[in-house]
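Since the structure comes first, as structure tokens, the remarks are kept for the end.
Counting starts at 1 for both ligands and their atoms, following the listed order. For clarity, every value in this text was computed on a predicted model and none was experimentally measured.
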Amino acid sequence: MGSLAANDIDVFNGFYNTINGKSTTTEKTRHGTDPATEKQNPEVPIATKKDVDDAVVAAQEAFKTWSKTPWEERKRMVLAFADAFEKHAEDFSKLLTQEQGKPLQWAKTEVQAGLHWMRQITTLELKEEVLEEDASKQVVVRYTPLGVTLGIVPWNFPIHLACGKIAPSLLTGNPIIIKPSPFTPYCGLKLGELGQQIFPPGVFQVLSGDDNLGPWLTSHPGISKVSFTGSTFTGKKVMESASKTLKRVTLELGGKDPAVITKNVDIDATAQKIATLAFLNSGQICIAIKRIYVHEAIYEKFRDAMAKFTKTLTMSDGREDGVFMGPIQNSMQYERVKTFFSDIEKENWKVAVGGKNEERTGYFITPTIIDNPADDSRIVTEEPFGPIVPLLSWSDENEVISRANNTAMGLGASVWSNDLEEANRIARQLDAGSVWVNTHLELDPTAPFGGHKESGVGYEWGIGGLKSFCNVQTLFLKKTIS
Ligand code: NAD
């Protein structure tokens with residue numbers, strides 16, 4: 001058992017699970033890897049089945065009072081937590097770069113996004129709705145907390161995505177257990193320790209472990225809802241496991257976002273934006289641009305402009321100044337992304353830029369553009385989740401809409417054109433949860449975010465996101481017995 005002083009968190013030394021208001025360790029431990037140096041990061045706990053049971057019991061106990069704590073008081077505590085987190089923003093950013101690999105400038109952006117999400121979500125209100133009222137009766141729709149919730153977080157945005165689950169769950173009266181990815185447990189665990197300064201025991205807990213932990217939690221009968229962000233493959237397993245006890249699920253899954261570039265664009269400016277939005281976070285973003293459809297009239301010029309700009313993107317250890325791209329987060333993902341590079345020769349793909357990876361320490365992948373591969377090639381149909389994208393030529397509007405929609409995914413999509421009527425017309429026909437015109441990847445904590453088709457079930461954030469942490473109750477109130 002380890003514990004921390006109540007007024008501080010131990011930023012660099014010691015990582016603990018948070019169970020029932022205490023920082024706890026486990027007999028067996030494991031560690032993540034710094035993806036830029038391949039050096040071991042510090043040891044973290046491997047939660048046991050008993051830890052899971054203890055955390056669920058503590059959360060169930062906490063639910064009794066937290067669910068009845070007034071909304072304003074819960075909101076005050078979530079905001080106090082955001083303030084405490086902000087005081088440690090610098091340390092969290094450095095820790096994020098060390099565990100995730102993203103350059104420090106983007107780590108800082110992620111910390112700010114986490115703060116922004118928590119604060120903005122508290123500006124939302126979930127009021128009772130009076131559907132009908134007359135002298136004899138009232139019909140009211142109420143939103144009541146579900147119980148203990150579970151937030152499962154992937155390794156690409158460990159802080160931002162955790163904050164996007166913590167705030168709505170706690171605000172609506174549901175204690176939450178966060179399970180970070182085993183690849184990036186560090187910042188999540190520190191958030192848990194920090195939370196003990198603010199929240200009553202059992203309200204906000206964090207468990208890190210090995211591959212057993214997720215299934216133990218999703219199958220636990222004491223948990224009422226799973227808010228999952230990760231791959232479509234794992235999302236299906238989570239839904240299957242949750243179905244045994246009919247847990248509520250929100251699934252935020254994979255994407256294969258198309259960007260449709262019409263001929264009515266400024267080629268250089270658009271090419272630079274598209275490359276940035278495809279290679280940011282080394283392509284490891286669910287809503288990164290993953291298929292780029294360029295009108296044939298400008299295809300070659302656009303390809304060359306994008307290739308030229310891509311060559312200027314700096315890639316190195318994220319602790320160095322001004323770096324745009326860091327490494328791939330883990331060796332498993334690195335090996336997977338490299339299989340797309342092996343396909344270049346096998347499948348005879350043309351390369352507009354990149355295509356080869358130099359031997360070096362760290363999981364670095366050179367940003368690469370594949371020049372007009374076949375529509376049924378792997379690079380067009382699968383999500384590499386790394387900095388390699390296909391550029392595809394189109395000529396007819398209906399044809400490009402149908403190609404853009406021809407995927408099992410439906411997370412994001414964008415249209416780029418100076419002709420807003422054209423852009424709007426195309427945008428409204430794209431089958432995705434978020435559709436952008438002349439931008440991509442912009443999100444808002446007060447707007448719903450979710451995927452169509454196999455990109456997800458339900459959605460997070462906004463008022464609807466709050467409702468997804470609630471039961472709905474219709475109260476029929478007859479004013480007299482007659
Ligand atoms: P992943 O599915 O491998 O893991 C996600 C989380 O699920 C991790 O915490 C992992 O430990 C846990 N997990 C794994 N197996 C589990 C099981 N059987 N039961 C319960 N939990 C289990 O995903 P990843 O590789 O960490 O993340 C990359 C994927 O996530 C990409 O496909 C990306 O598009 C997607 N993603 C989606 C969104 C979104 O909001 N839609 C956001 C970020 C990432």
Of all protein heavy atoms, the one nearest atom 28 (C) of ligand 1 is F385 CE2, 3.4 Å

key: Min N/O separation I152 to ligand 1 under 3.5 Å   = no

So for F183 against ligand 1, with non-hydrogen atoms under 4.0 Å, the contacting part is neither

Legend entry - Nitrogen or oxygen atoms of K290 and ligand 1 under 3.5 Å apart: no

request  = Ignoring angles and geometry beyond distance, decide whether G230 reaches within less than 3.5 Å of ligand 1 through its nitrogen or oxygen atoms.
outcome  = yes

Atom 22 (C) of ligand 1 sits nearest the protein heavy atom T234 CG2, 3.5 Å

Q: Verify whether one side chain among S227 and K165 offers a donor that lies under 3.5 Å from an acceptor in the other.
A: yes

message: Is it the case that ligand 1 has an N or O less than 3.5 angstrom from some N or O of K179?
response: yes

To the nearest 0.5 Å, atom CG of L189 lies from atom OG of S23 at 9.5 Å

Any heavy atom of V238 under 4.0 Å from ligand 1? The part involved is side chain

Among G255, P154, C286, closest by heavy atom to atom 42 (C) of ligand 1 is C286

Checking heavy atoms under 4.0 Å, the part of V153 that sits near ligand 1 is backbone

Under 4.0 Å between heavy atoms, the region of F157 that gets near ligand 1 turns out to be neither

- request: In plain terms, say whether D343 and K346 are close enough for a salt bridge, that is, a side-chain N and a carboxylate O under 4.0 Å apart.
  value: yes

**Item:** pair K102-N156: side-chain heavy atoms closer than 4.5 Å
**Value:** no

